[in-house]
Amino acid sequence: MSTPHRAPGHGRVDRATTLSFTFDGTAYTGHPGDTLASALLAHGVHHVADSIKHGRPRGFLAAGAEEPNALVQIEVPFPEPMLTATTVELYDGLVARGLSGQGRLSTEPDTARYDTMHAHCDVLVVGAGPAGLAAALTAARSGARVIVVDELPEPGGSLLGAQELLDGAPATAWVDAVVAELGGLADVRILTRTTAFGHYDDGLVLALEKRTDHLGAAAPAHVSRQRIWRIRSRQVVYATGAYERPVAFDNNDRPGIMLAGSARTYLNRFGVLPGQRAVLFTTNDSAYPAALELADAGVEIAAVLDAREEVPEHWRTACAERGIGVRAGHVVTGTSGIERVTRAHVAAFRDGRLGERQGVDCDLLLVSGGWNPAVALFSQARGTLRYDAGIGAFVPDRAPDGVRTAGSAAGTFTLSGCLADGADAARQALSAIGGTGGTITLPTPSPLPDGAPTRVLWRVPSPQDAEDGSVQFVDLQRDATVADVLRATGAGLRSVEHVKRYTTIGTAHDQGRTSGVMTSGIVAEALGVDVADLGTMRLRPPALPVAFAALAGRNRGELFDPVRVTALHPWHVEQGALFEDVGQWKRPWYYPRPGETMEEAVLRECRAARTGVAMMDGSTLGKINVQGPDAGVLLDRLYTNLMSTLKVGRVRYGVMCGVDGMAIDDGTVIRVAEQEFLLTTTTGNAAKIFEWMEEWLQTEWPELRVHLTSVTEHWVTIPLVGPRSRDVLALVAPELDVDNDSFPFMSWKDTTVAGVEARVCRISFSGELAYEVNVPAWYGITVWKALVAAGDAFGLTTYGTETMHVLRAEKAYPIIGQDTDGTVTPQDLGMSWVVSKKKPDFVGKRSFTRVENQREDRKQLVGLLPVDEHVLLPEGAQIISTSEIPAPPVPMLGHVTSSYRSDALRRTFALALVRSGTRRIGETLYVPLDGRTVPVTVTEPVLFDKEGARRDG
Amino acid sequence: MQLITCPWCGDREEIEFHYGGQAHVAYPENPYALDDEQWAQYVFFRDNPKGPFAERWVHSAGCRRWFNALRDTVTHEFLAVYEIGAKRPTPENTASAASTAQSQEARR
């Protein structure tokens with residue numbers, strides 16, 4: 001296939017190699033070094049897609065990240081929506097199609113790897129154009145640690161798209177020399193294909209590196225496709241360049257209308273001629289090289305229209321030498337053409353009035369309205385901007401500490417100025433961090449005669465009757481026009497931020513790079529205010545779209561959140577247990593037998609615990625070792641009951657409250673030795689309670705000689721439960737005297753279980769005779785299996801968290817966080833017995849006597865028995881006092897906190913927090929359920945073995 | 001991602017820390033000498049100034065030590081960090097605290 005639009009002798013693409021690709025179903029070819037955009041333009045393809053709102057044909061306005069049109073969907077090798085064709089590097093086998101604004105997410109999983117890198121440096125340079133490279137070399141020569149990031153595949157920036165000479169040689173020779181020197185320094189890292197997209201606190205810059213996107217299907221699977229660089233820098237130099245700004249005129253959106261500098265880039269970087277007969281419309285000097293270079297490469301320049309009255313003589317001369325006519329004081333007022341621009345309508349524009357119109361035929365209309373410094377990252381860093389009326393752009397004003405701009409990002413638009421500015425910014429950065437040295441000899445560009453100032457022109461008046469600007473496009477991606485902006489100001493909006501939200505200008509993928517400042521200009525004109533006072537839209541991270549996959553990096557799938565499993569986990573899996581997530585823990589939920597439903601399994605497990613013997617994995621209980629001479633004092637201050645009087649060998653249940661008197665956790669405390677306690681916390685509260693205790697110890701009572709150690713994972717904890725638990729324990733712990741007198745309830749003993757040193761506590765969270773066997777985690781599985789074997793003769797059943805919940809609820813043992821919600825005191829739970837009357841003070845005590853906590857109508861924990869014993873109340877269900885649901889607002893008395901089916905009670909039951917609950921015992925209340933109400937009887941919370949005879953036996 | 005200077009570990013990213021509210025709010029000497037309102041002042045009420053604010057922080061994903069910090073609530077800038085029990089820095093020695101942090105950084 002011929003590519004008639006390639007310019008011989010131009011461009012950096014590798015023409016010896018041909019790549020095949022498909023766009024909108026048509027096969028094309030290109031070369032390594034091309035973007036999808038340049039390869040399409042090489043085939044004369046300008047029309048990429050139709051616009052989202054008005055369905056107007058759109059092409060390429062730009063050559064880089066500022067492109068507002070040219071969105072494409074990649075189909076092969078992997079579906080990816082909404083990439084700009086101007087930044088997609090061409091690869092063999094690429095299949096893409098143009099998008100009208102919206103893409104389609106892939107329905108197949110992305111198998112590519114994504115990664116995160118952390119880096120630190122003294123000086124981060126963003127942008128590897130002339131200013132960035134001068135800055136990087138200056139900083140690097142001082143010995144500073146330097147990182148340079150640049151979005152292009154190779155360093156050079158604007159120098160790659162221009163024909164300037166440095167020291168009489170092509171500028172790329174200087175680029176190569178600088179890159180070679182930087183590459184030889186150990187403390188310098190150059191990241192290409194890497195875009196900084198966010199500036200955060202304390203010099204943290206996030207950048208996206210595209211590592212294998214340009215390789216397509218040939219990308220090696222072991223290399224991450226993209227990675228996020230988290231760069232912590234002491235000093236940042238933003239040498240991010242500038243974006244050319246268009247001018248609004250009628251029908252300024254047709255394919256073939258392109259920014260002048262971008263056309264120059266297509267010629268010089270890609271060797272592509274984006275048209276055969278061009279018209280240039282400019283307001284400034286910067287566009288002339290585009291016209292001259294394109295003319296030299298064979299493009300016919302039909303006319304140069306300069307909005308200024310004064311055109312520098314050397315540009316006139318250079319144009320005249322090539323037979324190009326320059327019309328000063330002229331503008332483009334509109335265009336013709338459907339799929340491609342065919343004619344520019346031109347007219348003189350003096351004193352705000354348009355002269356007679358003429359048509360100039362062309363297939364390429366180049367536009368330059370001046371340049372906007374790329375200040376997105378500087379702005380994110382809380383650098384302030386100032387309007388420069390001379391160039392019609394917002395430039396950096398006050399820089400925050402550690403942040404600098406250089407080159408055209410700082411509003412310096414000459415090559416010599418950019419180079420000097422870069423070196424200067426680096427020297428300032430070095431000086432701020434005490435660096436020395438760092439001098440470079442700047443190369444000298446070809447001398448340029450003096451230029452003339454830019455004419456700031458946002459918009460050419462519409463010559464049509466429709467002067468409303470309805471075909472003058474501001475944000476091409478959002479299809480927002482001058483008319484839309486004027487509608488916003490007409491509606492009374494006075495801030496560009498409001499106009500932005502009203503019109504959606506600047507909210508597309510390109511963040512308004514070509515439309516934001518233009519919008520400020522048009523709004524200012526409409527309101528008759530100074531642009532400087534109006535300001536511009538605030539720029540926020542990310543500065544370019546970043547895939548969530550890249551942000552997630554490796555933190556996906558099983559690495560998204562750590563999964564904690566106990567030492568016995570493999571056994572549970574083997575036995576077919578189903579698991580419940582409790583915090584990060586996987587806990588066995590129940591162990592279904594073949595064909596069993598959950599309900600059947602749980603009833604069976606409960607029955608075993610109440611009538612035979614059952615055991616569970618309780619290893620996830622939080623365990624905190626408390627050591628030191630003042631250990632007892634600390635526990636006395638944090639628990640509601642007295643712990644210091646606990647004798648070695650004994651166990652006590654305890655509740656902790658916040659200073660507000662609300663229960664925050666409960667558990668058991670054993671006294672291991674005179675100066676050592678071991679306490680347990682709820683599984684989900686382990687970290688919180690550990691931090692809570694540390695907080696008091698460190699901030700309020702630093703004089704206490706106590707050390708806290710989390711030992712949760714050190715122990716495997718096995719509750720052995722049921723009337724036959726003593727028999728099973730006796731078999732595996734031959735040295736242990738298990739009779740009730742020698743080993744009573746709420747005591748513990750160190751012994752040997754299945755040959756392993758163990759600590760056995762006689763505590764019960766089920767109300768049954770029960771033991772808790774604790775062994776070092778390494779031996780957990782041995783002991784567990786020994787218990788399973790010894791229990792076989794007694795029908796030992798393993799049970800999970802669901803059965804545990806049922807058993808404890810039958811005994812009204814609350815689960816903090818399920819039966820409580822941070823507004824419940826121990827008294828509300830019916831546990832006044834756990835609150836010490838003797839201790840002068842403990843955390844929470846003073847609050848118990850607050851009037852609010854003394855109210856009769858507090859919510860209290862009660863039992864609920866549905867009158868229909870088959871009805872299982874949903875947890876969270878509300879409780880009301882009438883059998884009919886009254887008109888809203890319905891007075892609520894409380895809610896169901898726990899609800900189960902009980903094997904022991906042969907019926908359903910629930911726990912609930914009910915207003916004045918204790919006084920309501922015996923009353924019938926109602927629970928609205930599926931449009932009706934269910935009557936329930938309020939009972940004492942403890943529903944099974946009230947005397948505790950089973951537990952103590 | 002802000003850097004916070006832990007007095008023991010040095011500069012670490014803010015996600016390693018937990019906030020502990022206003023500093024220098026001591027547990028009352030005798031809670032039972034306070035009426036409900038005075039007690040409620042201790043339990044529920046904290047200052048919310050615009051500007052420098054003495055706060056407690058804990059390096060929870062690091063050394064797990066609590067410390068105090070003087071932070072500007074407008075700029076989020078940490079003006080000083082100091083140990084629990086130490087006096088709240090005055091504006092004069094805030095500057096010296098900042099320079100201490102700098103010299104610590106220089107040593108690293």
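Because the structure is a prediction, the values reported are computed rather than measured. In what follows, chains carry the letters A, B, and so on, assigned in the order in which the sequence lines appear, proteins first and then strands, with residues in each chain numbered from 1.
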Can you say whether [X] sits under 4.5 Å from chain B via the side chain, the backbone, both, or neither, judging by heavy atoms?
{"X": "A:Gln698", "value": "both"}
{"X": "A:Thr849", "value": "backbone"}
{"X": "A:Pro702", "value": "neither"}
{"X": "A:Glu695", "value": "both"}

Note to self: Going by side chain to side chain donor-acceptor pair (under 3.5 Å), name the residues that satisfy it together with A:Thr682, two or more places apart in sequence or in a different chain.
What the structure shows: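 Partners of A:Thr682 by the side chain to side chain donor-acceptor pair (under 3.5 Å) criterion, ordered by chain and then number, come out as A:Asp665.
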
Next item on the list: Using a strict 4.0 Å threshold on nitrogen-to-oxygen distance, state whether B:Glu83 and B:Arg65 make a salt bridge.
Entry: no

Next item on the list: Answer yes or no: is there an ion pair linking B:Arg64 with A:Glu694, defined by an N-O contact shorter than 4.0 Å?
Entry: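 Salt bridge flag = yes for A:Glu694 with B:Arg64.
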
Next item on the list: Name the orientation class of the two ring planes belonging to B:Tyr27 and A:Trp701 (parallel below 30°, tilted from 30 to 60°, perpendicular beyond 60°).
Entry: perpendicular

Next item on the list: Among B:Leu3, B:Ile84, B:Val43, single out the residue with the greatest number of heavy-atom pairs under 4.5 Å to chain A.
Entry: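 When all of B:Leu3, B:Ile84, B:Val43 are compared, B:Leu3 has the most.
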
Please state whether the side chain, the backbone, both or neither of [X] comes within less than 4.5 Å of a heavy atom of chain A.
{"X": "B:Tyr42", "result": "side chain"}
{"X": "B:Trp39", "result": "side chain"}
{"X": "B:Asn68", "result": "neither"}
{"X": "B:Arg56", "result": "side chain"}

Check: If you count heavy-atom pairs under 4.5 Å between each of A:Val843, A:Leu206, A:Leu204, A:Ile433 and chain B, which one has the most?
Finding: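 Going by pairs under 4.5 Å, I would pick A:Leu204.
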
When the ring centroid of [X] is compared with that of [Y], is the distance short of 6.0 Å?
{"X": "A:Phe378", "Y": "A:His199", "result": "no"}
{"X": "B:His76", "Y": "A:Tyr200", "result": "no"}
{"X": "B:Phe78", "Y": "B:Trp57", "result": "yes"}

